[in-house]
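Notes to accompany the following structure.
Letters A, B, ... are given to chains in the order of the sequence lines, protein chains preceding strands, and every chain is numbered from 1.
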2 protein chains.
Amino acid sequence: MPRHADTRAHIVAAASKLFYAEGIGRVSVDAVAEKAGVTKRTLYYHFRSKDDLIAAYLESRDQPNLTLMAEWFAQAPGGLEDKVAAIFHQLAQVAAHPKWKGCGFLRTTAELASMPGHPAVRIGARHKLGFAQWLEGEITSAGYGEAGILAREVLLLLDGAFSASLLQLDPQWFVAAGRAAAGLVALRRPA
Amino acid sequence: MPRHADTRAHIVAAASKLFYAEGIGRVSVDAVAEKAGVTKRTLYYHFRSKDDLIAAYLESRDQPNLTLMAEWFAQAPGGLEDKVAAIFHQLAQVAAHPKWKGCGFLRTTAELASMPGHPAVRIGARHKLGFAQWLEGEITSAGYGEAGILAREVLLLLDGAFSASLLQLDPQWFVAAGRAAAGLVALRRPA
DNA sequence: GTCTATAAGCCGATAGAC
DNA sequence: GTCTATCGGCTTATAGAC
């Protein structure tokens, strides 16, 4: 058990596992503290409130998730269509695991829909826009047109696939979404 | 206040308003009973548990929501592209209202992600598949090919737009999704 | 309308580093 | 000694159940 330096990081890691697995509303601060191996007092020393802890949870997943998708994209062979489709195919693999429970950003913001100004909602919104902006850059680099529109269309299909796969418990929705995304990309292929 | 016959329906109506506005986890059974004007005793006479009440909430929104979208589709002028796009444009209008909080089916099932067998999740899954099947029939009637695939692609864009509009608080995502959907439909236009 | 469990959040005290 | 990070226990509100 770390004594001071990375106690905060340990708490965030414990919170991430529980919040993702159960949903933020079903996880108590007591449960997070117990999982992290600290007392509630210590937890409240590092975080002002549960809401702050929720925001830290999403913040901690922002860059890792974007990096992972960027790696899938970069390592996929073929043209832009194939690289975009690769993100969906990798997600279909991930979604097949029993512990997969959809997109933590979407689920968390769905739970916080009645609190529009919540810091975690802002972080979720920024995360999704960050993905679209990164993808827009890749589309532009590949020489395709209407990069901004196209990147947003892919994001729509991605979030739709997160929702449908979770609801139907069927990762094949990612495959279907990937095909649709590749089709939309192909529509803008430069001459 | 109704005395016996449709007490159950009144409870469901009260629950629907509260669950949609606040999320199922943030609404207590007490709050539903008070809003419905019944005692908790009466509520537990009509529903075995809060989970049953949640399932009844989604069940009560299934047909009305499908009917509404079918009406938007039927009343829109133009070809299949225009009729599909009309659903998205109408939803953009609805999403502009301050009380709009996304799709109740998606938000509820997101909250219940850790309970895959929950009756409300099954109802949500059936609702979305019902939409896709209805749309598949319309696409087939219009003479377009690959109706099943196309209907699912439209559903993916629809659910993506629900997620993005809620997260970014921007109904324009429905317009963007509608354009993408119309594009995918046009790809399958019969010769 | 009462019961019991549990939620979020707060306070008094203290061990160890400098 | 002071300051930082920790702990155990406590308060108030509210949950679902009967």
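- Side-chain contact between Lys50(A) and Ile54(A) is present, with at least one heavy-atom pair separated by less than 4.5 Å.
- Side-chain rings of Phe174(A) and Phe162(A) approach one another, their centers coming within less than 6.0 Å.
- Phosphate proximity of dT6(D) to Tyr45(A): absent, as no side-chain N or O sits under 4.0 Å from OP1 or OP2.
- Counting to the nearest Å, the P atom of dA5(D) and the NE2 atom of His10(A) are 16 Å from each other.
- In this structure, the CD atom of Glu34(A) is 16 Å from the C1' atom of dA8(C), given to the nearest Å.
- Listed by first then second residue, pairs satisfying side chain to side chain donor-acceptor pair (under 3.5 Å) with a partner in residues 96-124 of chain A read Asp51(A)-His118(A), not counting sequence neighbours.
- Leu91(B) and Leu169(B) fall into different hydrophobic clusters, where Ile, Leu, Val, Met, Phe, Trp and Tyr residues are linked whenever their side-chain heavy atoms come under 4.5 Å apart, directly or through other members.
- Atoms CZ (Arg26(B)) and C1' (dA7(C)) sit 13 Å apart, rounded to a whole Å.
- Among the atoms of the strands shown, none is found under 4.0 Å from any heavy atom of Val32(B).
- As rounded to whole Å, 11 Å separates atom P of dT6(D) from atom CZ of Phe47(A).
- As a whole-Å value, the separation of Leu53(A) CG from dG9(C) C1' is 13 Å.
- In the interface, the side chain of Lys40(A) is paired with the base of dG9(C) through a donor and an acceptor atom under 3.5 Å apart.
- Taking atom CG of Asp51(B) as the reference point, atom C1' of dA17(D) lies 13 Å away to the nearest angstrom.
- Annotation: side chain of Phe73(A) is not in contact with side chain of Gln90(A) (no heavy-atom distance under 4.5 Å).
- Thr39(A) comes within 4.0 angstrom of a base, heavy atoms only.
- Within the 4.0 Å cut-off from OP1 or OP2 of dG9(C), at least one side-chain nitrogen or oxygen of Tyr44(A) is found.
- Per the geometry, NZ belonging to Lys50(B) stands 9 Å off C1' belonging to dG16(D), to the nearest Å.
- At whole-Å resolution of the value, CG in Leu43(A) and P in dC10(C) are 12 Å apart.
- Of the listed nucleotides (dA7(C), dT6(D), dG16(D)), dG16(D) has the atom at the smallest distance from the side chain of Ser28(B).
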